[in-house]
Asker: 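Have a look at this one.
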Amino acid sequence: MERLQKFIAEAGYTSRRKAEELIKQGKVEVNGRIVTELGFKIGGKEQVIVEGNLLKKEEKEYYLLNKPRSIITSVSDDKGRKTVVDLVDSQKRIYPIGRLDYDTTGVLLLTNDGEFANILMHPNNQIDKVYIAKLRGLIRGNAINKLKNGVMIDGRKTKKCRVKLRKIDLKNNTSIVEITIHEGRNHQIKKMFREVGFEVLKLKRERIGIFTLQGLKTGSYRKLSPKEVSVIYSLQK
């Protein structure tokens with residue numbers, strides 16, 4: 001027996017957290033009955049319908065993409081723009097884990113495994129997200145220390161993080177900064193630098209946990225190995 005939200009996540013429909021929301025909203029049926037209890041368990045042979053869609057467990061797929069600029073981090077786009085899913089050749093209903101802005105490049109994972117996605121996104125698992133930011137202006141120690149200790153964005157203080165100054169270009173009045181966070185709030189890196197007075201000119205995510213861009217050109221991708229997938233599952237708390 002397993003919890004209904006876990007079944008939905010493992011069917012690749014959405015993350016476990018989102019599945020819980022759908023259950024509470026009365027959008028999930030089991031054998032023709034609407035279920036709103038988060039503790040509801042099923043054996044796996046039941047007919048589960050989510051938002052009118054009959055679910056079936058499918059083979060899991062996991063991809064690492066080096067996201068280019070000017071690509072939408074979404075499954076689809078109502079304006080007809082190219083999405084990250086368009087870059088990956090898969091017949092499964094994969095989706096990106098988390099988001100990278102339209103103009104942000106770098107490490108992006110895609111999967112149809114909601115449980116895997118939930119492990120990577122949950123802040124309690126303390127998975128590093130490492131970004132390299134090119135800033136307009138010369139950042140100094142005071143601003144760096146503020147970032148390290150957390151700044152207020154959208155009414156909430158960010159968690160403590162690691163910040164390392166990589167380079168200062170006096171001629172062009174720019175700075176290159178490495179910043180490592182565990183959260184994943186909307187436009188977080190750009191907002192954090194804006195809060196200490198700096199505009200982000202370019203932003204690249206270099207690493208998520210064990211996943212880097214090594215061997216991947218911009219726009220290219222690879223499948224994750226079974227060992228890599230098991231490492232992420234071992235982080236589950």
Side-chain angles (χ1 to χ4, degrees), residues 1-65 73-76 83-100 107-129 159 181-186 205 207-211 221-237:
M1 301 289 285
E2 63 181 341
R3 289 182 182 270
L4 179 56
Q5 56 265 41
K6 183 179 179 183
F7 177 88
I8 295 170
E10 290 186 345
Y13 189 82
T14 187
S15 68
R16 186 186 292 197
R17 192 181 303 175
K18 179 63 177 176
E20 291 176 349
E21 294 175 9
L22 293 172
I23 291 170
K24 289 189 287 186
Q25 292 166 6
K27 296 181 178 180
V28 180
E29 295 180 27
V30 177
N31 291 340
R33 179 171 73 88
I34 293 176
V35 175
T36 57
E37 311 154 39
L38 292 182
F40 191 87
K41 292 185 177 182
I42 61 174
K45 296 182 179 180
E46 296 86 349
Q47 183 185 70
V48 179
I49 297 177
V50 181
E51 298 182 303
N53 300 292
L54 177 63
L55 299 192
K56 292 181 180 179
K57 282 193 176 180
E58 60 182 359
E59 183 181 347
K60 300 296 184 290
E61 291 187 350
Y62 310 86
Y63 297 95
L64 170 58
L65 169 71
T73 305
S74 178
V75 173
S76 60
T83 74
V84 291
V85 173
D86 295 327
L87 301 179
V88 179
D89 184 14
S90 172
Q91 301 305 310
K92 298 292 192 295
R93 187 172 52 188
I94 61 170
Y95 53 87
I97 301 174
R99 299 186 68 84
L100 285 180
V107 174
L108 185 70
L109 293 157
L110 300 97
T111 188
N112 58 344
D113 184 346
E115 185 66 15
F116 180 85
N118 189 57
I119 294 169
L120 279 169
M121 289 191 295
H122 204 292
N124 287 350
N125 293 324
Q126 296 287 293
I127 294 174
D128 285 349
K129 299 182 179 76
K159 303 290 186 183
I181 64 172
H182 298 132
E183 300 173 279
R185 293 158 63 179
N186 194 32
R205 185 156 64 187
R207 179 168 66 85
I208 299 177
I210 62 172
F211 304 109
Y221 65 93
R222 67 171 177 85
K223 282 190 172 184
L224 302 191
S225 69
K227 183 177 181 180
E228 288 174 320
V229 174
S230 66
V231 167
I232 298 305
Y233 267 98
S234 72
L235 300 175
Q236 191 171 24
K237 294 180 180 179

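In what follows, residues are counted from 1 in the order of the sequence shown.
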Asker: Tell me whether Q25 at atom CD has more than 12 heavy atoms from other residues, nucleotides or ligands lying less than 6.0 Å away.
Answerer: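 Counting neighbours around CD of Q25, more than 12 heavy atoms of other residues, nucleotides or ligands fall under 6.0 Å, so yes.
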Asker: Enter the distance from I181:CD1 to R205:CZ here, rounded to the nearest 0.5 Å.
Answerer: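 It is 8.5 Å, given to the nearest 0.5 Å.
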Asker: Hey, what do you get for CG (L38) to NZ (K24), rounding to the nearest 0.5 Å?
Answerer: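 Here the rounded value is 5.5 Å.
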Asker: Under the side chain to side chain contact (heavy atoms under 4.5 Å, CB included) test against N125, which residue among I232, N118, I119 passes?
Answerer: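 That would be I119.
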Asker: Could you tell me the separation between the CD atom of E37 and the CZ atom of R3, rounded to the nearest 0.5 Å?
Answerer: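 Answer rounded to 0.5 Å: 11.0 Å.
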Asker: With side chains defined as the heavy atoms from C-beta onward, is the minimum distance between I23 and I8 less than 4.5 Å?
Answerer: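 In contact.
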Asker: Identify which one of V28, L55, V30 satisfies the side chain to side chain contact (heavy atoms under 4.5 Å, CB included) criterion when paired with F7.
Answerer: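 Answer to the side chain to side chain contact (heavy atoms under 4.5 Å, CB included) test with F7 among V28, L55, V30: L55.
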Asker: Testing Q5, K60, R16 one by one against E115 for a side chain to side chain contact (heavy atoms under 4.5 Å, CB included), which residue passes?
Answerer: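 Only one option passes, and that is R16.
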Asker: After noting the C-alpha distance and the side-chain angles of T111 and L224, does the key distance pass the side-chain contact (heavy atoms from CB on, under 4.5 Å) rule?
Answerer: CA-CA 10 Å; T111 188; L224 302 191; over 6 Å; no
Asker: Report yes if the side chains of K92 and Y63 come closer than 4.5 Å at any heavy-atom pair, otherwise no.
Answerer: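 Of all side-chain heavy-atom pairs linking Y63 with K92, none is under 4.5 Å.
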Asker: Which distance, rounded to the nearest 0.5 Å, do you find between the CZ of R99 and the CE of M121?
Answerer: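 Reported value, rounded in 0.5 Å steps: 11.5 Å.
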Asker: At their closest point, which heavy atom of S74 faces which heavy atom of P96, and how far apart are they?
Answerer: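 Heavy atoms only, the tightest pair is N-CG, 4.1 Å.
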Asker: Heavy atoms, side chains only, cut-off 4.5 Å: are I97 and I208 in contact?
Answerer: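 In short, these two side chains do not touch, never coming nearer than 4.5 Å.
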Asker: Going from CD on Q47 to NZ on K56, what distance comes out if it is rounded to the nearest 0.5 angstrom?
Answerer: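 So the gap between those two atoms works out to 10.0 Å.
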Asker: May I ask you to test the T83-V75 pair for a side-chain heavy-atom distance under 4.5 Å?
Answerer: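 In short, these two side chains do not touch, never coming nearer than 4.5 Å.
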Asker: Walk me through it: do R17 and E20 pass the test salt bridge (Lys or Arg N to Asp or Glu O under 4.0 Å)?
Answerer: CA-CA 5 Å; R17 192 181 303 175; E20 291 176 349; over 6 Å; no
Asker: List the atom of T36, the atom of G26, and the distance in Å for their closest heavy-atom pair.
Answerer: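 In this case the closest contact between T36 and G26 is CG2-CA, 3.9 Å.
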Asker: So do the side chains of D89 and Y221 get within less than 4.5 Å of each other, counting heavy atoms only?
Answerer: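 A side-chain contact under 4.5 Å exists here.
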Asker: Taking the side chain as everything from C-beta on, heavy atoms only, tell me whether L64 gets closer than 4.5 Å to L109.
Answerer: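 Answer yes - side chains close enough.
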Asker: Under the side-chain contact (heavy atoms from CB on, under 4.5 Å) criterion, do Y13 and E51 qualify, and how do the steps go?
Answerer: CA-CA 10 Å; Y13 189 82; E51 298 182 303; 2.5 Å; yes
Asker: State the CD-NZ distance between E2 and K41, to the nearest 0.5 angstrom.
Answerer: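 It is 10.0 Å, given to the nearest 0.5 Å.
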Asker: So which heavy atom on K227 is nearest to which on S230, and how close?
Answerer: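 The answer is O-OG, 2.7 Å.
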Asker: Between Y233 and F116, what is the ring plane arrangement, given parallel below 30°, perpendicular above 60°, and tilted in between?
Answerer: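 Because their plane-to-plane angle lies in the 30° to 60° range, the rings of Y233 and F116 count as tilted.
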Asker: State whether the side chain of N112 and the backbone N or O of R93 hold a donor-acceptor pair below 3.5 Å, judged by distance alone.
Answerer: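 The answer is no, because no donor-acceptor pair under 3.5 Å joins these two groups.
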Asker: Quick check: do H182 and D128 have side-chain heavy atoms less than 4.5 Å from each other?
Answerer: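 Yes. Closest side-chain heavy atoms under 4.5 Å.
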Asker: Show the numbers, then the answer: is there a side-chain contact (heavy atoms from CB on, under 4.5 Å) between M1 and I42?
Answerer: CA-CA 5 Å; M1 301 289 285; I42 61 174; 5.6 Å; no
Asker: So which atom in L108 and which in G98 form the shortest heavy-atom distance, rounded to 0.1 Å?
Answerer: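 Nearest heavy atoms, L108 then G98: CD1-O, 4.4 Å.
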